[in-house]
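Notes follow the structure.
Just so it is clear, the structure is predicted and the values come from calculations on it, not from any experiment.
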Amino acid sequence: MHAYNRLPGSGNSTPSPPPSPIRSPRYRHSRSKGGLGRFPPSQTSGTLPQRLTWFFLSILLRRQGFFLFFPLIYISGMLLYMGTIKFDVVPTIKHSHAAGSLYRSPQLYQKLKPEMDADNSSADAISTIWKHWYKGGEWKPCISNSSGGLPESNGYIYVEANGGLNQQRTSICNAVAVAGYLNATLVIPNFHYHSIWRDPSKFRDIYDEDYFVSTLANDVQIVDKIPGYMMERFGSNMTNVYNFRVKALSPIRYYKDSVLPKLLEEKVIRISPFANRLSVDAPPAVQRLRCLANYKALRFAGSILSLGDTLVSRMKEHSAKNGGKYISVHLRFEEDMVAFSCCVFDGGEQERIDMIAAREKGWKGKFTKPGRVIRPGSYRINGKCPLTPLEVGLMLRGMGFDKSTALYLASGQIYNAEKTMAPLLEMFPHLQTKETLASEEELAPFKNFSSRMAAIDYMVCLHSEVFVTTQGGNFPHFLMGHRRYLYGGHSKTIRLDKRKLTLIFDNHNIGWKNFKRQMLSMRSHSDSKGFELRRPSDSIYSFPCPDCMCHTNKTEDSRSSSAT
């Protein structure tokens, strides 16, 4: 057998490959004095280039230390090559923005506008949207007043209500509850002046003070000021009165354990500030006092009631085509709201300058503290940016409300109104505000008072067929609860999923039909049924059932009425 054929069971004789001529011992150990004698016989007869190649290879093999310099040769070559590149040409790196991080709603509006204007398929949304009522019956107000006199007072409680109209309303109702619980005499709350709202209005400028006192007469003693003989101890200066710095959302137990002993000792105490200083969950006796104050005792002053009723009548006239039904929208796109949100819209450099100035004016130093990082894109993705008038209009048109819908806009002074309001007016030409419904003379007594102007908006929104909230806050929360209280537990409110909206507004591949389908889905998943029971973490100001309302069964009511 051949020496190379060692594989068992192989039928073929496969010779091993020949040894490499470079590593062959014959060539490595050849010591012929002749220059060509170092090459194998087959190479000595080759062409000149071949013989030169083998000559240099043999030198390299005998001088293997040469390979130590090879890295240096490589690096030198690369440096020479790099010297020929022009470094003034910098490659462009494109950064992709996260979905929903940019305000691109104007581009979407221009894309959808032709199909939106040509769409005649919308049903009468304002008449059909509220066809689903609570099937188990209905709810009605059932707040009872106490009868009989009150025991001797434990002392006087003076509170300072801070914030805007409805934050002050929270303070008033909570103060009534605390005073009643501690058997104290409540001094008519003082409204704290704020640089943002800039409204020096007093309690009687916004609410009917006499009606407030008389409605609560059997439950809480209320006076307009502390008797002079008692204030003599404090030099007739309220700042000398002991002030409780109560933590936010403190339980009613805190007032009994900590505030009451001091009240009995001093006979006069002060709590400032007082907004949101009482827990939303409380015993039934405390909740009853809150309900009584909010839904029965707090009635707007006569001048506000009169103008509010007038504007409601005018809105119904403007919506006669829809049976007197109109939509109200609470739009928060005032300069201070846009500035506080730290979101970026499409106003360019001028918007940036305006927002920096507004932040410094309203919250000096708050947004320029060391370490404070502002991330507009993140705020937008998380649904923290206020909706623009354009976005509100686009959303409502997608929900099925057409151009004939009468729209009431509750708002302060819209930022850059001439530009930002134009698309909303295109989509809803029957839009009204208190400024368009009322004359200059009618608005003159209220115009420089933000809380009184907000009270007028509150009244018109309260009696609308549909209420749309776009930003949250005390105004919509009180309105939702008040509307439930008036309409049998059914609030007729559209609440939005702003995170989802942000992604939809940023999707420029979406068509009108798809956009409309998603808006209708959002409408159906908002507060379309209206009825909701209050949970322990909820406020009675938004959810009056069951603390402020009683459930009645329609079937039982009909039976009892037929029997009589």
Residues E349 and R352 bridged, charged N to O under 4.0 Å: yes
Write down the atom of F401, the atom of I494, and the distance for their closest heavy-atom approach. CE1-CD1, 4.3 Å
Closest heavy-atom pair and its distance - E465, I126: CG-O, 4.1 Å
Output yes when a side-chain donor or acceptor of N382 lies under 3.5 Å from a complementary backbone atom of S378, and no otherwise. yes
Nearest-0.5 Å distance that lies between atom CD1 in I504 and atom CE in M395: 11.0 Å
Indicate yes or no: at least one non-hydrogen side-chain atom of S411 is less than 4.5 angstrom from one of E334. yes
Taking the six-membered ring for Trp, are the ring centroids of F345 and Y415 within less than 6.0 Å of each other? no
Donor-acceptor check, side chain of R290 to backbone of V280, threshold 3.5 angstrom: yes or no? yes
Taking the side chain as every heavy atom from C-beta outward, state whether K492 and V466 have any atom pair closer than 4.5 Å. no
With no hydrogens and no angle check, is any side-chain donor or acceptor of Q168 less than 3.5 Å from a backbone partner on G163? yes
Regarding R288 and S144, is there a side-chain donor-to-acceptor distance under 3.5 Å anywhere? no
Ring geometry between F212 and F203 (parallel below 30°, tilted from 30 to 60°, perpendicular above 60°): tilted
Is the number of heavy atoms from other residues, nucleotides or ligands within 6.0 Å of NZ (K111) greater than 12? yes
Donor-acceptor contact below 3.5 Å, side chain S105 vs main chain F505: no
For the residue pair H551 and W139, categorise the inter-ring angle as parallel (less than 30°), tilted (30 to 60°) or perpendicular (more than 60°). tilted
Would you check, one step at a time, whether the test side-chain contact (heavy atoms from CB on, under 4.5 Å) holds for M355 with V344? CA-CA 9 Å; M355 294 304 103; V344 175; over 6 Å; no
Provide the closest heavy-atom pair for P476 versus T469 in the form atom of the first, atom of the second, distance. CB-OG1, 3.3 Å
Full working for side-chain contact (heavy atoms from CB on, under 4.5 Å) between L394 and F515: CA-CA 10 Å; L394 199 55; F515 177 83; 3.7 Å; yes
Tell me yes or no: SG of C343 and SG of C385, less than 2.5 Å apart? yes
Think R332 forms a cation-pi with F340, using NZ or CZ under 6.0 Å from the six-ring centre and within 45 degrees of its axis? no
Just so I know, are the side chains of R534 and D547 near enough to count as touching, which here means a heavy-atom distance under 4.5 Å? yes
Nearest heavy-atom pair of N322 and A406: which atoms, and what distance? ND2-N, 4.2 Å
Given the rule in the side-chain contact (heavy atoms from CB on, under 4.5 Å) test, do N474 and Y541 qualify, once you have shown the distances and angles that lead to the verdict? CA-CA 9 Å; N474 290 304; Y541 309 128; over 6 Å; no
Mind checking the CD1-CE spacing from I540 to M549? Nearest 0.5 Å is all I need. 12.0 Å
To the nearest 0.5 Å, what is the distance between NZ (K403) and CE (M116)? 7.5 Å
Which atom names give the shortest non-hydrogen contact between R452 and I206, and what distance separates them? CG-CG1, 4.2 Å
Using 30° and 60° as the class limits, which term best fits the ring planes of F367 and W363: parallel, tilted or perpendicular? perpendicular
For the atom pair CD (E441) and CG (L443), what is the distance rounded to the nearest 0.5 Å? 9.5 Å
Decide yes or no for H482 and Y295: does some side-chain heavy atom of the first lie under 4.5 Å from some side-chain heavy atom of the second? yes
Taking everything shown except K316 itself, do over 12 heavy atoms lie less than 6.0 Å from its NZ? no
For C142 and C548, run disulfide (SG to SG under 2.5 Å): C-alpha distance rounded to whole Å, both residues' side-chain angles, the deciding distance at 0.1 Å, then the answer. CA-CA 6 Å; C142 62; C548 313; over 6 Å; no
Taking all heavy atoms of Y211 and all of K296, pick out the closest pair and write down the distance. CE2-O, 3.1 Å
Main chain of S272, side chain of R277: is a donor-acceptor contact present, judged purely on distance under 3.5 Å? no
Backbone N or O of P389 within a donor-acceptor pair of the T420 side chain at under 3.5 Å? no
May I ask you to check whether over 12 heavy atoms, not counting those of Q413, lie within 6.0 Å of atom CD? no
Counting N and O atoms only, with roles assigned by atom type, does the side chain of H318 sit under 3.5 Å from a partner on the main chain of L437, one being a donor and the other an acceptor? no
Are the side chains of K113 and M427 in contact, using a 4.5 Å heavy-atom criterion? no
Proximity of F478 and Y458 rings by center, below 6.0 Å: no
With the side chain counted from C-beta on, respond yes when R380 and L102 share a heavy-atom pair under 4.5 Å apart, and no when they do not. no
Between the side chain of R372 and the main-chain N/O of K366, is any donor-acceptor distance below 3.5 Å? yes
pair M315-S464: side-chain heavy atoms closer than 4.5 Å: no
Judged by atom type as modelled, is there a donor-acceptor pair below 3.5 Å linking the side chain of D199 to the main-chain atoms of S450? yes
To the closest 0.5 Å, what do you measure between OG1 (T405) and CZ (R397)? 8.5 Å
Kindly indicate, with the supporting measurements, whether the criterion side-chain contact (heavy atoms from CB on, under 4.5 Å) is fulfilled by L298 and C173. CA-CA 9 Å; L298 278 179; C173 298; 3.9 Å; yes
Hey, does F446 have a side-chain heavy atom less than 4.5 Å from the side chain of F449? no
Output the distance between atom CG (D117) and atom CD (E426), rounded to the nearest 0.5 Å. 8.5 Å
Parallel, tilted or perpendicular for Y207 and F191, by the 30°/60° rule? perpendicular
Where do N166 and R169 land on the side-chain hydrogen bond (donor to acceptor under 3.5 Å, both in side chains) test, with the steps shown first? CA-CA 5 Å; N166 291 285; R169 193 179 183 109; 5.0 Å; no
Is it the case that the side chain of S306 and the backbone of S303 share a donor-acceptor pair, with hydrogens and angles ignored and the cut-off at 3.5 Å? no
Is the shortest distance from a Lys or Arg side-chain nitrogen in E532 or R484 to a carboxylate oxygen in the other one below 4.0 Å? yes
